[in-house]
Amino acid sequence: MSKVETQIQVKLPDGNSKTLEAGATAADLAKAIAEGLFRKSVGAVINGEPKDLYTPLKDGDEVKLLTADTDESLEFLRHSTAHVMAEAVQSLFPNAKIAIGPTIQDGFYYDFEIADHALTPSDLEAIEKKMTEIAKENQRIVRYDIPDVDAQIKEFEQQGEKFKAELLTEHRDHNPTLYLMQNKEGKTVWNDLCRGPHLPATGFIKAFKLQKVSGSYWRADENKEKLQRIYATCFWTKKDLEEHLKRLEEAEKRDHRKLAKQLDLFSVHEEVGPGLIFWHPNLATVRDTIEEYWRKEHRRRGYDFVYTPHIANESLYKISGHLENYAENMYSPMDIDGEDYRCKPMNCPGHIMIYKSKLRSYRDLPLRYAELGTVYRYERSGVLHGMLRVRGFTQDDSHIFCTPEQLKDEINGILDLIDSLMTTFGYRYKAYLSTRPEKYLGTDEQWEMATNGLEQAMKDRNMDYEVDEGGGVFYAPKIDIKLFDAIGREWQGPTIQVDLNLPNRFDVTYIGEDGNRHQAVMVHRAVLGSMERFCGGLIEHYAGRFPLWLAPTQVAVLPISDRHQERAKELALALQKKEIRAHLDDRPETIQYRIRDAQLEQTPYMLVIGDKEMEDDVVAVRHRQGGQVGTMKFEEFLEKIEKEIETKQL
RNA sequence: GCCGUUGUGGCUCAAUUGGUAGAGCUGCUGUCUUGUAAACAGCAGGUUGCAGGUUCAAGUCCUGUCAACGGCUCCA
């Protein structure tokens with residue numbers, strides 16, 4: 001063996017190389033660079049793959065060391081903390097059987113089966129305490145290749161760790177590994193089947209929080225074992241953790257259900273039924289304003305508005321296939337003159353009826369039918385959530401019928417509409433293209449035509465998008481758009497689907513240039529989604545502080561005392577005449593009180609009218625956020641807010 | 001639907017080991033005529049989600065039921 005072979009060379013991210021002894025690990029590399037670096041290192045990215053710090057390196061490997069305190073290594077921290085949590089749970093509840101414990105968006109969870117015990121908040125405290133002990137003990141986390149899979153499966157089974165046994169059986173050919181938790185004496189005190197990678201030791205774990213316990217199922221299958229899931233999060237520093245918890249609090253303050261009570265926006269009534277929304281005047285005003293804007297934007301883009309009935313003979317849904325594929329979300333039939341009728345779960349069949357009411361020529365296409373169509377769907381009781389998940393809602397639905405040649409331009413038009421609406425509301429967004437899934441209807445050519453139409457339109461617009469390969473629905477490729485709100489949270493946004501099913505089922509055709517019948521291309525799209533969900537989302541996006549153009553009350557007119565009442569009334573009426581939503585608050589309360597009220601209601605502008613204002617023929621303007629703006633002529637104020645409304649300023 | 005938690009006037013919350021349901025805000029009435037985020041006083045408002053049960057006695061304990069809330073998508 002030549003001397004050269006006892007050494008290896010690895011590449012560092014800065015382009016430099018480092019020569020190490022053969023068999024050296026990433027930890028050795030860290031040490032070779034600097035002792036301080038070694039102390040901070042928690043793992044490595046080797047040839048693009050995250051790995052344990054003690055992974056042996058090979059000649060030519062590209063190695064990037066991961067240190068604590070970086071976002072990149074947060075996964076390591078969270079994953080390892082999940083294990084520590086499981087270790088703590090099993091030490092406190094020896095009966096607990098561990099399932100899985102992945103990292104998620106802002107933290108991690110671990111699922112357990114604990115016979116005869118339901119975890120409580122005080123259990124969480126105890127678990128946290130135990131975790132702190134484990135962290136302080138600085139247990140080493142050691143990767144261990146399972147030499148004899150069958151023996152290990154047997155051991156799991158003997159321990160009653162049936163989930164681990166099941167997982168190992170499944171992964172027997174994937175070089176399965178255990179991670180061992182070892183105390184100072186090097187004794188293994190706990191282990192878990194895991195792919196890794198992990199921190200080298202638990203001492204890095206300093207800032208974590210167990211958040212809530214909830215139910216789940218083994219493999220998310222409600223027919224399988226019921227598990228208890230603990231959600232938790234973890235950061236490198238206490239400061240980061242606190243900031244995160246603060247963000248959660250902030251989000252809670254924006255909760256649309258909470259704001260709905262404070263701002264008198266909507267209600268739900270037990271006597272009426274869950275998931276059915278009552279829009280109070282304030283939110284109805286917001287909705288109406290949005291709908292007006294929505295109509296205008298559609299009219300400008302060549303849409304036709306239609307209305308369709310809320311119930312229909314169920315034979316319609318037999319043809320559409322909804323009864324076959326969607327029945328569990330539909331309400332039971334009602335008997336009308338011996339025929340079964342159903343509440344409509346979707347608007348598409350209705351729009352198709354209009355299309356099919358006469359023979360269509362290629363000259364008629366594209367036809368763009370739009371409807372704020374109210375639909376009713378059965379949602380399982382446990383999933384209902386304020387306005388965001390309901391049982392009756394109004395979709396801003398549209399169906400476009402066109403020729404295959406027209407498809408791309410139509411998609412382009414929709415994307416344009418989406419862009420202008422979402423920008424108006426102040427959302428950033430991101431597009432995802434979902435392509436053909438494994439199980440699908442229609443021909444390959446149809447899928448290609450449809451998918452290309454979607455993709456090409458996005459390319460033409462230079463849009464950023466991600467492809468979700470195989471993520472389409474069985475009858476359609478689609479573009480889904482995710483919205484990001486004011487505090488960076490993600491919302492389900494607009495969607496565009498090219499339907500390869502209904503045109504066939506309903507025989508949706510047009511007469512082409514050649515005089516023959518051709519199947520029309522049908523595009524479903526919703527921009528706002530549903531008025532319920534969209535408005536619910538908007539409440540949170542704006543934290544209840546609707547921009548002037550949407551605000552339920554735009555201006556509060558506040559006379560200081562009785563002798564200013566006449567003038568205030570006059571001004572309020574003048575505003576009303578200009579279609580500005582003004583509210584005269586001349587209650588015999590102090591001006592401070594009424595200002596506070598208007599502030600709490602998030603009224604954008606307040607006009608205070610007293611002696612000085614009457615004398616100088618001006619109004620004193622106050623803004624909900626800017627405080628006192630100063631005095632100005634009424635006309636000047638009017639012009640200012642009319643412009644703010646016109647431009648839909650955020 | 002399933003798991004867990006919760007359910008007291010319109011709202012926010014109190015009620016010692018089971019022992020007569022309280023407060024603030026809102027609302028109404030009156031006084032005050034107000035200068036930029038809460039004037040003062042009085043009044044009204046609840047069969048404690050609903051239905052049973054245990055008990056001399058239930059907001060409190062038990063059973064059922066309804067609803068809300070957190071999850072049940074993240075896969076060693």
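In the text below, chain A, chain B and the rest are named by the order of the sequence lines, each starting its count at 1.
Rounded to a whole Å, the CG atom of L600(A) is 18 Å from the P atom of C11(B). Note: NE2 (H564(A)) to C1' (U36(B)) measures 14 Å, nearest angstrom. Rounded to an integer number of Å, the gap from Q602(A) CD to A37(B) C1' is 12 Å. Computed from coordinates, the D255(A) CG to C69(B) P distance equals 9 Å when rounded to whole Å. The CG-P distance, from D111(A) to C3(B), rounds to 16 Å in whole Å. Whole-Å rounding puts the M614(A) CE to G35(B) P distance at 16 Å.
For E566(A), the CD atom counts as loosely surrounded, since its 6.0 Å shell holds 12 or fewer non-hydrogen atoms of other residues, nucleotides or ligands. At most 12 heavy atoms of other shown residues, nucleotides or ligands fall within 6.0 angstrom of atom CD in Q492(A). Applying the 6.0 Å contact sphere to CG of D71(A) captures no more than 12 heavy atoms from other residues, nucleotides or ligands. Heavy atoms from other residues, nucleotides or ligands lying under 6.0 Å from CD of Q625(A) number more than 12.
Put simply, R587(A) has a side-chain N or O that comes within less than 4.0 Å of OP1 or OP2 on G27(B). Contact between the side-chain N/O atoms of R594(A) and the OP1/OP2 oxygens of U34(B) is not found at any separation under 4.0 Å.
For the pair T233(A) and H244(A), the tightest heavy-atom approach, listed with the atom from each and the gap, is CG2-ND1, 3.9 Å.
Each of V618(A), V621(A), V619(A), D616(A) was checked for a side chain to side chain contact (heavy atoms under 4.5 Å, CB included) with T631(A), and the lone residue meeting it is V618(A). A salt bridge (Lys or Arg N to Asp or Glu O under 4.0 Å) with D255(A) holds for exactly one of K258(A), K253(A), R257(A); it is R257(A).
If you check every strand for non-hydrogen atoms under 4.0 Å, G630(A) touches nothing. Within 4.0 Å of A598(A), counting heavy atoms only, lies no atom of the nucleic acid at all. Across all strands shown, D597(A) has no heavy atoms under 4.0 Å from either base or sugar-phosphate atoms.
Stems are defined here as 3 or more consecutive Watson-Crick or G-U wobble pairs with pairing distances under 3.5 Å; those involving RNA chain B are B:1-7 with B:66-72, B:10-13 with B:22-25, B:27-31 with B:39-43, B:49-53 with B:61-65.
Against RNA chain B, the stretch residues 270-280 of chain A makes heavy-atom approaches under 4.0 Å through E270(A), P274(A).
Each of L227(A) and I609(A) has a nearest nucleotide on RNA chain B; the 5'-most of these lies closest to L227(A). In terms of position on RNA chain B, the residue among D562(A) and Q628(A) whose nearest nucleotide sits closer to the 5' end is D562(A).
Within the structure, the salt bridge (charged side-chain N to carboxylate O under 4.0 Å, His left out) test picks out the following pairs touching residues 84-111 of chain A (sequence neighbours left out): D111(A)-R229(A). Pairs passing the salt bridge (charged side-chain N to carboxylate O under 4.0 Å, His left out) check and including a residue from residues 378-388 of chain A, sequence neighbours excluded, read E222(A)-R380(A), E379(A)-R389(A).
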Mark up nucleotides 71-76 of chain B, 5' to 3', with B wherever a protein heavy atom is under 4.0 angstrom from a base atom, S wherever such an atom reaches only the sugar-phosphate, and - elsewhere.
BBSBBB
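The aromatic ring centroids of F208(A) and F235(A) lie 6.0 Å or more from each other. In this structure, H198(A) has its ring center no closer than 6.0 Å to that of F76(A).
For E613(A) and G35(B), a side-chain-to-base donor-acceptor distance below 3.5 Å is present, hydrogens and geometry of angles not being considered.
Take K430(A) and apply the side-chain hydrogen bond (donor to acceptor under 3.5 Å, both in side chains) test, not counting sequence neighbours, and it matches E466(A).
Distances were taken from every side-chain heavy atom of P588(A) (C-beta onward) to each of C32(B), A37(B), A38(B); the shortest belongs to C32(B). In the set A37(B), U33(B), C11(B), the nucleotide with an atom closest to the side chain of R563(A) is U33(B). Out of A37(B), G35(B), A39(B), the shortest distance to the side chain of R596(A) is found at A37(B).
When the C1' atom is compared between G9(B) and G27(B), the two are found 12 Å apart, to the nearest whole Å.
Ring-plane geometry between H83(A) and Y179(A) is classed as perpendicular, the angle between the planes exceeding 60 degrees on a 0 to 90 degree scale with a lower cut at 30.
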